[in-house]
2 protein chains.
Amino acid sequence: MNHAALESGVPGSSIARTLDLIGDRWTLLVLRAVFRGRHRFTELQRDLGIARNLLTDRLHRLVDNGILERVPYQERPVRHEYRLTDMGRDLSPALIAFMQWGDRWCTDGPPPTVLVHDACGTPIEHTVRCPSCDDVLDPREIASRDNG
Amino acid sequence: MNHAALESGVPGSSIARTLDLIGDRWTLLVLRAVFRGRHRFTELQRDLGIARNLLTDRLHRLVDNGILERVPYQERPVRHEYRLTDMGRDLSPALIAFMQWGDRWCTDGPPPTVLVHDACGTPIEHTVRCPSCDDVLDPREIASRDNG
DNA sequence: CAGTATCCTCGAGGATACTG
DNA sequence: CAGTATCCTCGAGGATACTG
């Protein structure tokens with residue numbers, strides 16, 4: 001998909017722009033690892049089994065796009081680790097939604113990882129609500145409205 | 001990323017399995033179009049600007065994986081359209097989460113598309129809750145627990 | 001440890017002609 | 001209309017050697 005196709009075919013799609021940033025084969029996996037507390041290059045590389053040059057590239061892109069930030073954790077020699085920015089942390093609902101979908105539909109056994117409220121240990125719930133009706137919505141009750 | 005790398009590097013990741021199904025450059029865009037009411041081959045092809053052989057391939061894979069179903073809408077000649085299954089409809093929270101993230105972080109102007117509760121027209125809200133505490137959770141309050 | 005620099009392969013994506 | 005069949009290109013991903 002080239003950029004022209006994007007412009008003409010899927011104008012103004014937030015999904016398309018989002019895919020441009022994180023829609024490759026590794027970025028979401030890198031982010032998931034950072035969410036789970038892996039912050040250093042070698043940790044990430046070992047955990048994911050990603051090629052080193054690719055990890056370098058993905059981390060740089062994530063930093064350039066404001067999703068991660070590179071912060072020093074020691075001097076002499078200076079070493080950095082990668083932390084989520086607010087923008088990155090805000091990807092959490094999307095990541096969670098994908099995990100839950102995979103848990104529900106792509107496995108036979110119990111979900112390999114369960115997300116819990118750390119204060120009480122209860123598995124979390126992921127909902128779409130109407131703030132005005134105060135109702136949890138079914139996908140069929142959702143419409144899309146174009147601005148423009 | 002080959003399959004061996006996936007197995008060894010990211011064992012049991014629901015995200016990895018989900019990406020195997022829908023993690024390419026077009027599938028999510030196709031699904032978004034189906035969610036928005038495009039159900040026929042030519043509608044999808046024109047709207048997305050996707051190459052015809054790619055659209056054929058993506059639709060077949062989505063049908064094979066149980067995300068879409070192919071239902072006839074006329075006979076002589078028989079024609080089909082593509083409809084979401086329950087499995088496909090259940091991707092809605094993930095799609096919505098991505099759109100909202102893109103709306104918030106990848107645009108300057110107003111969001112190009114707003115999702116609304118069709119009964120009352122109010123823009124929807126997307127939350128992670130703890131069903132036991134009945135609280136909306138911040139990403140920092142979420143922990144992940146591995147099942148062995 | 002945390003990368004950078006090279007080189008290579010293979011397959012995803014695309015253009016286009018053809019068909020019941 | 002709704003595809004299938006071919007052929008091609010280019011870039012994502014990967015292996016590996018090197019470095020402050």
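Lettering of chains follows the sequences in order, A, B, ..., and the numbering in each one begins at 1. Both backbone and side-chain heavy atoms feed into the values below; hydrogens, waters and symmetry mates do not.
Atom pair B/H80:NE2 and C/dG20:P shows a separation of 18 Å (rounding to whole Å applied). Remark: C1' of D/dA12 and CG of B/L19 are 15 Å apart, rounded to the nearest angstrom. Rounded to an integer number of Å, the gap from A/Q45 CD to D/dG14 P is 11 Å. Residue A/L55 contributes atom CG, which lies 10 Å from atom P of C/dT4 at whole-angstrom precision. In this structure, the CD1 atom of B/I22 is 17 Å from the P atom of C/dA12, given to the nearest Å. Per the geometry, CD belonging to B/E81 stands 11 Å off P belonging to D/dG3, to the nearest Å. For B/L29 and C/dA12, the CG to P distance is 18 Å, given to the nearest whole Å. A/R79 places its CZ atom 17 Å from the P atom of D/dT19, with the value rounded to the nearest Å.
Separating the CG atom in A/D118 from the CD1 atom in B/I142 is a distance of 8.5 Å, to the nearest 0.5 Å. Atom CZ of B/R79 is separated from atom CD of B/E81 by 12.5 Å, given to the nearest 0.5 angstrom. B/H39 contributes atom NE2, which lies 12.0 Å from atom OH of B/Y73 (distance to the nearest 0.5 angstrom). With rounding to the nearest 0.5 Å, the separation of CG in B/L115 from CD1 in B/I124 is 4.5 Å.
Within the structure, every pair that satisfies the ring-ring contact (aromatic ring centres under 6.0 Å, His included) test and touches residues 77-99 of chain B, not counting sequence neighbours, is listed here: A/F98-B/F98. The list of salt bridge (Lys or Arg N to Asp or Glu O under 4.0 Å) pairs with a residue in residues 120-130 of chain A, not counting sequence neighbours, reads A/E125-B/R129, A/R129-A/D134, A/R129-B/E125. Applying the salt bridge (Lys or Arg N to Asp or Glu O under 4.0 Å) definition to pairs two or more places apart or across chains, those involving residues 54-69 of chain B are B/D24-B/R58.
Relative to the side chain of A/D24, the nucleotides D/dG13, D/dG20, D/dC1 differ in distance, and D/dG13 lies closest. Of the candidate nucleotides C/dA15, D/dA2, D/dG13, D/dA2 has the atom lying nearest to any side-chain atom of B/R52. Listed nucleotides C/dG3, C/dC1, D/dG3 differ in distance to A/Y82; the shortest reach to its side chain belongs to C/dG3.
Taking 4.0 angstrom as the limit, B/R70 places a side-chain polar atom (N or O) nearer than this to OP1 or OP2 of D/dG3. OP1 or OP2 of C/dA2 has at least one side-chain nitrogen or oxygen of A/Y73 nearer than 4.0 Å.
For DNA chain D, no neighbouring residue in residues 36-43 of chain A is found when judged by any heavy atom under 4.0 Å. Taking every heavy atom of residues 56-65 of chain B and every atom of DNA chain D, pairs under 4.0 Å involve B/T56, B/H60, by number.
Of the possible polar contacts, one joining the B/D138 side chain to the B/R140 backbone as a donor-acceptor pair under 3.5 Å is found. Of the possible donor and acceptor atoms, one in the side chain of A/W101 sits under 3.5 Å from a partner among the backbone N and O of B/M87. Side-chain atoms of B/Q45 come within 3.5 Å of backbone N or O of B/I50 as a donor-acceptor pair. In terms of modelled atom types and a separation under 3.5 Å, the side chain of A/T122 and the main chain of B/C130 share no donor-acceptor contact.
The 12-atom threshold is exceeded at CD of A/Q74, counting heavy atoms of other residues, nucleotides or ligands nearer than 6.0 Å.
Counting only Watson-Crick or G-U wobble pairs whose defining distances are both under 3.5 Å, the stems of 3 or more consecutive pairs in DNA chain D are C:1-20 with D:1-20.
When each of B/N53 and A/N53 is assigned the nucleotide of DNA chain D bearing its nearest heavy atom, the one mapping closer to the 5' terminus is B/N53.
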